Each structure stands twice: as structure tokens, then as C-alpha cells.
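Both counts, for ligands and for their atoms, begin at 1 and track the order of listing. Keep in mind it's a predicted model, so treat the numbers as computed, not measured.
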Amino acid sequence: MTEQDTDWIGLMIGNSRLHWGYFRGQTLLACLDTPHLREPPSNEFLQQIFPKLLTNKCNCELVVASVVPSQKELWANYDNLRIITLKDIPLLDLYPTFGIDRALAVLGAGKKYGFPCLVIDAGTALTFTGVDGDKKLVGGAILPGLKVQLASLRERTAALPEVSLSERLPQMWAKETAEGIRSGIIYTILAGIEKFSREWLNLYPESGIILTGGDGDLIRDYWQEKAIKSLLVDETIIFQGIAAVKGISSGLIDKGEPI
Ligand SMILES: Nc1ncnc2c1ncn2[C@@H]1O[C@H](COP(=O)(O)OP(=O)(O)OP(=O)(O)O)[C@@H](O)[C@H]1O
Ligand SMILES: CC(C)(CO)[C@@H](O)C(=O)NCCC(=O)O
Ligand SMILES: [K+]
């Protein structure tokens with residue numbers, strides 16, 4: 001078997017949940033999300049995640065990137081494990097505490113859509129990450145994600161309830177508490193996305209802007225209702241990033257080559 005047709009699994013450990021990708025060589029065959037683990041995984045665990053693809057009990061390579069150290073440690077005894085760290089990422093000017101999920105997402109987005117590239121990751125945290133045409137990190141920003149914003153109002157006030165989000169845009173000028181919370185959070189997030197996107201396009205007019213993360217679809221739907229320029233949603237860029245790192249280490253992709 002060559003590297004091109006070997007099966008392996010990529011795992012991105014996020015702050016809310018686990019993001020799994022099943023690969024054959026560089027091709028992503030399937031992806032899904034699961035909750036965090038509460039204990040070290042059993043031998044059959046990976047088969048349960050991908051029952052149709054992993055039919056016989058195999059210890060296929062598991063390539064892990066994590067922003068949650070305690071979750072990563074649960075895999076310490078898996079015998080075919082590879083951990084991706086910032087050193088593996090073929091991007092320039094990364095700073096030491098930069099999130100590996102941000103690095104992989106922008107690497108994957110750049111690989112698929114070209115550099116320069118701006119990634120907006122609407123996960124537990126909402127992040128903006130911009131990389132220029134020389135694959136240098138320009139920088140970015142971090143704010144609380146939608147769920148975290150909603151939960152923090154409930155937790156830090158006496159009167160505010162936790163509200164759920166509707167599929168449609170809320171009334172901007174609300175006359176009711178729940179709708180007021182929805183309005184405040186959604187319209188300021190959309191305004192922030194608009195501001196960062198505009199500033200980025202002033203610097204790099206040809207750049208793609210890719211939206212990803214657990215709330216990516218919801219934000220895209222809100223955005224489309226406002227009928228501004230469409231935003232491209234891609235849930236797989238993080239796996240494109242993992243595959244790029246794996247490809248470099250197995251010699252399929254040259255580190256100096258355009259990815
Ligand atoms: N089944 C689900 N479980 C948890 N969060 C979900 C689910 N479906 C959608 N979401 C949304 O996804 C968001 C979390 O995004 P995501 O799963 O990308 O976060 P994460 O695990 O921290 O990953 P990342 O590190 O990429 O941000 C939450 O704000 C939530 O609204
Ligand atoms: C910002 C998050 C939480 C987004 O998942 C993650 O990328 C992270 O923990 N980053 C470390 C800090 C930074 O990226 O500057
Ligand atoms: K996160």
C-alpha cells in the first residue's frame with residue numbers, strides 16, 4: 001500500500017466537541033462531530049465512530065490536533081498516534097500561543113481557495129485569522145462565540161434568561177427581553193464580521209473569506225437574509241489543513257511547494 005491509499009483518521013479536539021475526519025490518502029471521505037470523551041477510549045472506539053469505513057479492527061493512524069490539553073491526554077495510550085503542533089504548520093510568523101485549530105483552518109482554507117485568505121471560525125470562540133499571499137500570518141481577533149455570549153448574559157445577570165437562537169434574523173429594535181438579547185448578539189456579530197471583512201479586503205482585495213465552525217451555517221443564513229455579498233461556508237477546511245500537514249510529513253507535499 002502506498003501513502004496515497006492508506007486510511008487514517010484526523011481528529012480536531014475543539015473546546016465544545018470533537019471533530020473527526022476519515023481520510024484515504026489525501027481524500028476526506030467522511031466527517032462528523034461527537035461530544036468530548038469522559039474516559040480514555042476503548043479499542044473499538046474508532047470503529048464506532050466510522051462503522052462503515054473502519055470495518056475490521058485496525059489501529060489506523062490517528063492524527064490529532066487539540067486546543068484542549070485534558071482531552072488530548074486521553075489518547076496517550078493509542079499506539080498509532082501523531083500529534084500536530086504549531087511546528088508542523090507551513091505558515092510564517094505564527095506566535096507561540098496561537099491556536100492550532102486556527103492555524104489548521106487557515107492552512108486548509110488557503111490550500112483549497114488560495115492565499116491570501118481570511119478565515120472566520122464561528123465556534124465556542126469566534127475567531128478571525130488572516131494570512132497573506134506569502135503565507136505569513138497577518139493576525140486576527142478572538143471574541144466569545146454565539147453560545148458563549150448567550151450563556152454569559154444568563155450567568156452574570158439576575159434578570160436575563162438564556163435564550164435560543166431563531167433561524168431567521170431577530171427584530172433589531174426589540175420590545176421583548178429574549179428578542180433584545182438575540183438582536184444585540186446577532187447584529188453585533190454580523191457588524192463585526194462586516195467590519196473585519198471590509199478591512200481585510202482593503203488590504204487584500206482578491207482574498208477569499210471562508211466561514212467555518214459549529215455556527216457557520218447559522219451565521220451564513222443570517223448574512224444572506226441581509227442580502228450582502230455572500231459568504232462561503234466550508235466545514236472541511238480544518239481537515240484540509242490536517243491533510244496538508246500529513247502530506248508534507250509523508251513526502252507527498254514538499255514543504256516549500258505551494259500547497
Ligand atoms: N450538536 C452541537 N453541539 C455543540 N455545539 C453545536 C452543535 N451544533 C451546533 N453547535 C454550535 O457550534 C458552536 C461550537 O462550535 P464548534 O463545534 O465549532 O466549537 P469547538 O468545539 O470549540 O470547535 P472550534 O475549536 O473549531 O471552535 C456552538 O456555539 C453551538 O451553537
Ligand atoms: C481561540 C480558540 C479558543 C478558538 O478555538 C483557540 O484557537 C485557542 O485556544 N487559541 C489560543 C490563543 C490564540 O489563538 O491566540
Ligand atoms: K473553540
Side-chain angles (χ1 to χ4, degrees), residues 10-21 28 31-38 49 63-75 83-89 91-109 118-131 136-155 162-168 170 181-182 184-186 188-190 192-193 196 210-223 231 233-242 245:
L11 168 61
M12 177 68 232
I13 301 177
N15 276 291
S16 300
R17 40 189 186 153
L18 307 179
H19 311 282
W20 302 89
L28 181 64
C31 56
L32 56 91
D33 303 315
T34 68
H36 280 167
L37 296 182
R38 272 173 276 149
I49 303 280
V63 181
V64 179
S66 174
V67 292
V68 185
S70 59
Q71 280 290 309
K72 181 181 70 192
E73 280 152 23
L74 296 174
W75 290 93
I83 306 278
I84 296 180
T85 68
L86 283 184
K87 287 195 220 70
D88 299 308
I89 305 290
L91 296 173
L92 303 170
D93 290 1
L94 302 182
Y95 55 91
T97 61
F98 189 58
I100 190 73
D101 55 343
R102 300 176 65 192
L104 286 167
V106 78
L107 176 67
L118 175 66
V119 168
I120 305 171
D121 186 345
T124 313
L126 194 149
T127 58
F128 297 90
T129 307
V131 166
K136 275 192 197 139
L137 176 69
V138 176
I142 303 170
L143 62 142
L146 277 178
K147 265 262 176 68
V148 175
Q149 293 199 28
L150 291 167
S152 67
L153 282 180
R154 174 180 57 79
E155 283 159 18
E162 184 161 353
V163 303
S164 56
L165 294 174
S166 45
E167 276 166 40
R168 308 294 308 271
I181 293 172
R182 285 191 277 267
I185 292 174
I186 291 165
T188 58
I189 283 191
L190 291 177
I193 290 175
F196 275 88
I210 316 300
L211 184 57
T212 193
D215 291 320
D217 282 328
L218 188 65
I219 289 177
R220 190 256 328 268
D221 291 347
Y222 290 145
W223 189 268
L231 276 177
V233 178
D234 192 328
E235 299 301 345
T236 71
I237 53 176
I238 203 126
F239 296 115
Q240 310 293 341
I242 292 177
V245 168

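Contacts between Asp121 and ligand 1, counted as non-hydrogen atom pairs separated by less than 4.0 Å, involve the side chain only. Looking at Asp101 against ligand 1, only its side chain comes within 4.0 Å, counting heavy atoms. Contacts between Asn15 and ligand 2 below 4.0 angstrom, taking non-hydrogen atoms only, involve the side chain exclusively.
For ligand 2, the polar-atom distance check against Gly99 finds a nitrogen or oxygen pair separated by under 3.5 Å. The distance criterion of under 3.5 Å between nitrogen or oxygen atoms is not met by Thr127 with respect to ligand 2.
Considering only heavy atoms from C-beta on, Ile193 comes within 4.5 Å of Ile120 through its side chain.
Of the possible polar contacts, one joining the His36 side chain to the Gly14 backbone as a donor-acceptor pair under 3.5 Å is found. Of the possible polar contacts, none joining the Glu162 side chain to the Leu150 backbone as a donor-acceptor pair under 3.5 Å is found. A donor-acceptor distance shorter than 3.5 angstrom exists from the side chain of Gln149 to the backbone of Pro144, with no hydrogens or angles considered. In this structure, Asp221 contributes its side chain and Leu218 its backbone to no donor-acceptor pair below 3.5 Å.
With respect to Leu91, the side-chain contact (heavy atoms from CB on, under 4.5 Å) criterion is satisfied by exactly one of Thr129, Leu107, Leu137: Leu107. When Val64, Ile49, Thr34 are each tested for a side-chain contact (heavy atoms from CB on, under 4.5 Å) with Leu11, only one passes: Val64.
Nearest-residue assignment for atom 9 (C) of ligand 1 (options Gly123, Gly214, Ala65; heavy-atom criterion): Gly214. Considering Ile100, Thr124, Thr34 only, the shortest heavy-atom separation from atom 20 (P) of ligand 1 involves Thr124.
Under the 30°/60° scheme for interplanar angles, the aromatic rings of Phe196 and Phe128 are found to lie parallel.
Taking every heavy atom of Thr97 and a limit of under 4.0 angstrom, the matching atoms of ligand 2 come to 11 (C), 12 (C), 13 (C), 14 (O), 15 (O). For ligand 2, the atoms lying closer than 4.0 Å to a non-hydrogen atom of Tyr95 are 13 (C), 14 (O), 15 (O). For ligand 1, the atoms sitting less than 4.0 Å from at least one non-hydrogen atom of Gly213 are 18 (O), numbered in the order shown with element in parentheses.
For the ligand labelled ligand 1, residue Met12 lies outside the 4.0 Å heavy-atom shell.
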